[in-house]
Structure formats: structure tokens, C-alpha cells
Amino acid sequence: MGDANVLEAKDGTISVASAFPGHQEAVQDRDHKFLTKAVEEAYNGVDCGDGGPFGAVVVCSDEVVVSCHNMVLKCTDPTAHAEVTAIREACKKLNRIELSDCEIYASCEPCPMCFGAIHLSRIRRLVYGAKAEAAIAIGFDEFIADALRGTGVYQKANLEIKRADGNEAVIAEQVFEKTKAKFAMY
């Protein structure tokens with residue numbers, strides 16, 4: 001096995017680079033596939049009126065375990081965020097509370113509650129698309145970004161955290177602009 005290098009970007013995200021040739025490209029393709037599914041879930045949730053434009057996918061051994069979207073409005077539950085819903089459903093489906101062999105793909109940077117659920121479930125890797133500012137720009141609470149950044153919470157977590165590069169991030173951020181008319185804030 002090749003050695004891995006842990007890299008920390010200026011924005012605080014952490015990624016692992018492998019010494020294997022072509023590894024990064026394969027990881028990017030895989031990340032794109034699953035992040036695209038999370039973004040599709042975000043659109044689905046808004047289209048059916050279940051909640052805000054957020055989607056999440058839990059993956060184990062390169063297979064989708066669950067694909068969920070925000071269910072806050074449908075469930076009348078402020079904790080039914082996409083990531084929390086996906087973790088709950090994955091735990092039920094796999095019949096366990098520990099998901100250390102799983103990854104989660106989120107259409108947007110997780111809020112503190114979702115990040116806490118990801119951490120407590122022991123998910124090993126988080127990949128997100130849009131930065132919290134995309135959600136804040138259409139009326140979601142600024143606490144989403146402020147509570148995590150600058151606090152060391154990301155650095156203390158025992159999981160790889162990566163913001164998607166390039167087109168994946170742009171596509172994930174577009175979900176907010178394209179759905180803001182359909183999703184009226186309080």
C-alpha cells in the first residue's frame with residue numbers, strides 16, 4: 001500500500017492524497033457521482049415540498065445505502081435535516097448505530113447539528129458541495145457557518161472532510177438559486 005499524505009487547505013478542509021497514480025482522479029469521479037445524487041435529492045425534496053434544498057447520501061463499499069433529502073416541513077421536525085435523516089435511515093437499514101465504514105455526501109456544508117450526528121455515527125468521510133454561504137444567501141440561519149468555523153470543531157473530528165472541487169461545488173450551489181422561489185422561508 002502506498003503512503004497517504006494528509007493535506008489541510010486554507011479553508012480548514014482536510015483531504016488525504018494517495019501515492020497511487022490516478023487515485024485522485026478515481027476519487028474525484030466517485031465523489032462526483034455520489035455528490036450529484038445528493039444534489040438530485042435536494043431538488044427532489046423541494047419539488048415535493050418536504051423541506052429545504054438539502055440532500056445527503058450515505059455510501060458503504062461504493063454502494064448507496066440511503067439517499068435522503070431534508071424532511072423538516074413534511075415531518076414538522078426541525079431536526080429532520082438531510083444528513084440526520086440519512087444517518088437515521090442508514091442505521092436502520094444496516095441495523096447498527098456505528099457507521100465507521102461509511103461515507104456521507106451532502107449537497108451543502110453541514111450545520112452543527114448535522115456535523116454532530118456525522119461525528120457521533122463515526123462516519124469516516126464527509127464530502128460536501130455548496131458552502132454554507134449559499135444557504136445563508138437565500139435566508140437560512142448564519143449559525144450554520146459561524147458555529148463550526150474558527151472553533152476547531154472540524155480539526156477535532158476524526159474523519160476526512162472535503163469540499164468538492166470545481167463543477168461539483170458549482171452544481172451543488174446552484175440548487176439554492178434555482179429553488180429559492182419554490183422554497184419560501186418562514
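Numbers here are sequence positions counted from 1.
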Any chance you could measure Phe176, atom CZ, to Lys131, atom NZ, to the nearest 0.5 Å? 13.5 Å

Looking at every non-hydrogen atom in both residues, tell me the closest pair between Leu73 and Gly49 and how far apart they are. CB-O, 3.9 Å

Return the set of residues passing salt bridge (Lys or Arg N to Asp or Glu O under 4.0 Å) with Glu40 (not counting sequence neighbours), or none when no residue passes. none

Would Met71 end up clustered with Val84 when hydrophobic side chains under 4.5 Å apart are linked, directly or stepwise? no

Answer yes or no: are there more than 12 heavy-atom neighbours, outside Ile97 itself, under 6.0 Å from its atom CD1? no

In the hydrophobic clustering that connects Ile, Leu, Val, Met, Phe, Trp and Tyr at side-chain heavy-atom distances below 4.5 Å, which members other than Val127 occupy its cluster, ordered by chain and number? Phe34, Leu35, Val57, Val59, Val64, Tyr105

Quick one: closest heavy-atom pair of Ala90 and Val58, and the distance? CB-CG1, 3.9 Å

Supply the atom-to-atom distance Ile171 CD1 to Ser107 OG, rounded to the nearest 0.5 angstrom. 12.5 Å

Nearest atoms (heavy-atom pairs only) where Val66 meets Ala86: CG2-O, 3.3 Å

Interatomic distance, CZ@Arg88 vs OG1@Thr85, rounded to 0.5 Å, equals 6.0 Å

Does Glu173 come within less than 4.0 Å of Arg163, counting only side-chain N to carboxylate O? yes

Check this for me, if you would: do Arg125 and Asp31 make a salt bridge, where the nitrogen-to-carboxylate-oxygen distance has to be below 4.0 angstrom? yes

How far does NE2 of His81 sit from SG of Cys114, to the nearest 0.5 angstrom? 5.5 Å

Does any part of the side chain of Asp101, heavy atoms only, come nearer than 4.5 Å to the side chain of Ser61, both counted from C-beta? no

What is the distance from atom CD1 of Ile104 to atom CZ of Phe115, rounded to the nearest 0.5 Å? 11.5 Å

Looking at Lys178 and Tyr43, what are the two nearest heavy atoms and their distance? CD-OH, 3.3 Å

Met113 reachable from Ile118 in the ILVMFWY side-chain graph, under 4.5 Å edges: no

Looking at every non-hydrogen atom in both residues, tell me the closest pair between Gly51 and Asn70 and how far apart they are. CA-OD1, 3.3 Å

Looking at Ala135 and Cys108, what are the two nearest heavy atoms and their distance? CB-SG, 4.3 Å

Out of Asp47, Asp50, Asn44, which residue meets the side-chain hydrogen bond (donor to acceptor under 3.5 Å, both in side chains) rule with His69? Asp50

Within this structure, what is the CZ-CZ distance for the pair Arg96 and Arg122, rounded to the nearest 0.5 Å? 14.0 Å

